[in-house]
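Structure first, commentary second.
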Amino acid sequence: GAVPLVQAYAGHQFGGFSPQLGDGRALLLGEVIDRNGQRRDIQLKGSGPTPFSRSGDGRAALGPVLREYLIGEAMHALGIPTTRALAAVMTGESVYRENPLPGAVLTRVAASHIRVGTFELFAARGDHAKVRRLADYVIERHYRELQGHSTPYLALLASVCDRQAALIAKWMHVGFIHGVMNTDNMAISGETIDYGPCAFMDHYDPATVFSSIDRSGRYAYANQPKIAQWNLARLAETLLPLIDTDNDDAIGRASEVVTAFPEQYERYWLKGMRAKLGLVSEEDTDIDIATGFLTALQGKKLDFTLAFRYLADAALGQEERIRALFGDALAYDLWSDHWRSRLSRESVAPLVRAQAMRRVNPAFIPRNHRVEGALSAAVERADYAPFERLLNILALPFDDQPEFAAFTQPAPE
Ligand code: AMP
Ligand code: MG
């Protein structure tokens with residue numbers, strides 16, 4: 001009884017507008033209502049050509065399919081909204097890239113596949129009635145609390161901004177770099193979607209880029225909040241005729257919402273950073289403690305994930321690992337004087353604090369060399385044991401799992 005379909009969308013890719021993209025290698029099988037009453041899309045990716053394939057073959061190679069599977073599941077375990085992998089199957093066919101590669105299909109589950117680019121498709125055609133239908137549908141599916149709102153489309157824009165601010169802050173807290181934050185890869189639901197050349201940062205450097213096609217660093221780690229805001233401005237433009245019949249008034253009201261994004265993001269970011277640093281109260285200078293730590297990491301090119309994880313030990317007075325990470329620990333000592341005096345103004349038992357820090361500072365992230373190792377074993381040797389093992393480790397990112405201590409470490413030089 002399913003009615004499979006492919007979705008049309010448009011999108012800004014690396015800043016340039018493409019009026020017609022769409023599911024070129026994906027097929028929406030249908031929707032199901034899950035045990036929590038939530039409607040979910042079930043979609044195949046890599047299932048073959050569609051009317052939107054253009055010159056592409058509509059297929060996917062096993063490596064990227066397993067990569068999306070692994071990283072999406074890791075993100076979910078880290079508590080970050082994301083589409084999820086339900087299955088990965090091989091097709092038995094070869095797909096031709098630079099070399100022939102084994103073909104595969106990912107089955108993914110999403111709150112929906114509606115993107116900023118879906119709004120752009122109808123807006124670019126000047127079909128405001130369809131933008132309105134889409135906006136009403138999105139409110140009913142993802143933002144029910146806005147039903148009956150006096151200015152629903154402005155409120156929708158504000159709510160999408162809010163979910164994106166929360167999402168991007170979570171990415172930043174674990175060092176995740178999406179890599180292709182085009183407007184067609186930004187989901188209206190607030191889930192992370194379309195894992196391509198994404199990766200987790202190892203040593204802390206705000207300019208980190210992993211995607212080889214991102215030559216200007218548009219989608220670098222530190223640019224992600226700014227790019228999210230840029231994308232949301234594109235969404236705002238599509239909603240203008242719905243917000244007010246007077247275009248200038250509409251622009252004024254939408255701009256106000258989009259301009260508030262950096263502050264909104266900063267609030268989420270700082271809240272998460274306080275938790276990472278073990279703080280339960282709020283003081284004005286907390287931002288300096290947070291940026292002070294990051295500056296110290298950057299100066300010494302220290303591993304982002306390990307540094308925060310080891311800070312939980314330091315909260316218990318066990319500073320061996322963080323000192324060893326810093327090597328010459330002067331930079332750490334200078335910073336930790338401020339941190340300690342800040343901690344001393346809170347009455348939290350050290351063990352309680354350290355446990356809370358371990359619940360937000362993961363021991364395990366999908367380290368690039370581990371991901372590559374698991375994928376090449378699967379693709380080149382049909383050996384899925386490393387993939388399964390890594391998937392299991394990443395399912396419990398906040399547990400110590402001492403038998404897998406080696407998986408907490410960055411790649412050797
Ligand atoms: P992405 O970079 O994966 O977000 O994809 C951007 C656009 O290219 C989307 O419209 C995809 O459907 C399309 N696309 C990517 N790979 C293929 C392929 N192998 N065959 C057809 N279309 C593709
Ligand atoms: Mg995409």
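For ligands, and for the atoms within them, numbers begin at 1 and follow the listed sequence.
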What is the nearest protein non-hydrogen atom to atom 5 (O) of ligand 1, stated with its residue, atom name and distance? D184 OD2, 4.9 Å
If you scan protein heavy atoms around atom 10 (O) of ligand 1, the nearest is G22 O, 2.7 Å
With a cut-off of 4.0 Å, which atoms of ligand 1 are near a heavy atom of [X]?
{"X": "G56", "result": "20 (N), 21 (C)"}
{"X": "N185", "result": "4 (O)"}
{"X": "Y9", "result": "9 (C), 10 (O)"}
{"X": "R59", "result": "19 (N)"}
{"X": "G58", "result": "18 (C), 19 (N), 20 (N), 21 (C)"}
{"X": "D194", "result": "4 (O)"}

Looking only at heavy atoms of R97, does any of them come nearer than 4.0 Å to an atom of ligand 1? yes
Closer than 4.0 angstrom: is that true for some heavy atom of V180 and an atom of ligand 1? no
With nothing but distance in play, are any N or O atoms of G24 less than 3.5 Å from an N or O of ligand 1? yes
Counting only nitrogen or oxygen atoms and a 3.5 angstrom limit, does D57 reach ligand 1? yes
Side chain to side chain contact (heavy atoms under 4.5 Å, CB included), paired with T305, selected from V174, I365, T408, D202: I365
Checking [X] against [Y]: charged group under 6.0 Å from the ring centre and within 45 degrees of the axis?
{"X": "R267", "Y": "W269", "result": "no"}
{"X": "R370", "Y": "F407", "result": "yes"}
{"X": "R84", "Y": "Y69", "result": "no"}

Just grab all the salt bridge (Lys or Arg N to Asp or Glu O under 4.0 Å) pairs involving residues 117-131, residues at least two apart or on different chains. D127-K130
With a 6.0 Å cut-off on the ring centroids, do F200 and F176 count as close? yes
Using ring centroids (six-membered ring only for Trp), state whether F364 and F398 fall under 6.0 Å. no
Considering only N, O or S atoms, which atom of D194 is nearest to the Mg ion (ligand 2)? OD2
R97 CZ: over 12 foreign heavy atoms closer than 6.0 Å: yes
Can you establish whether the number of heavy atoms outside E263 located under 6.0 Å from its atom CD is more than 12? no
Flag the pair D184 and R115 as a salt bridge only when some basic side-chain nitrogen lies within less than 4.0 angstrom of an acidic carboxylate oxygen. no
Per atom 8 (O) of ligand 1, closest listed option by heavy atom (R25, Q13, R54): R54
N/O/S atom of D184 under 2.8 Å from the Mg ion (ligand 2), yes or no? no
Under 2.8 Å: N/O/S of N185 next to the Mg ion (ligand 2): yes
When you look at R141 and Y137, which way does the side chain to side chain donor-acceptor pair (under 3.5 Å) test go after all the steps? CA-CA 6 Å; R141 182 154 175 176; Y137 179 82; 2.9 Å; yes
Is atom 12 (O) of ligand 1 near the protein, in the sense that some protein heavy atom lies at less than 4.0 Å from it? yes
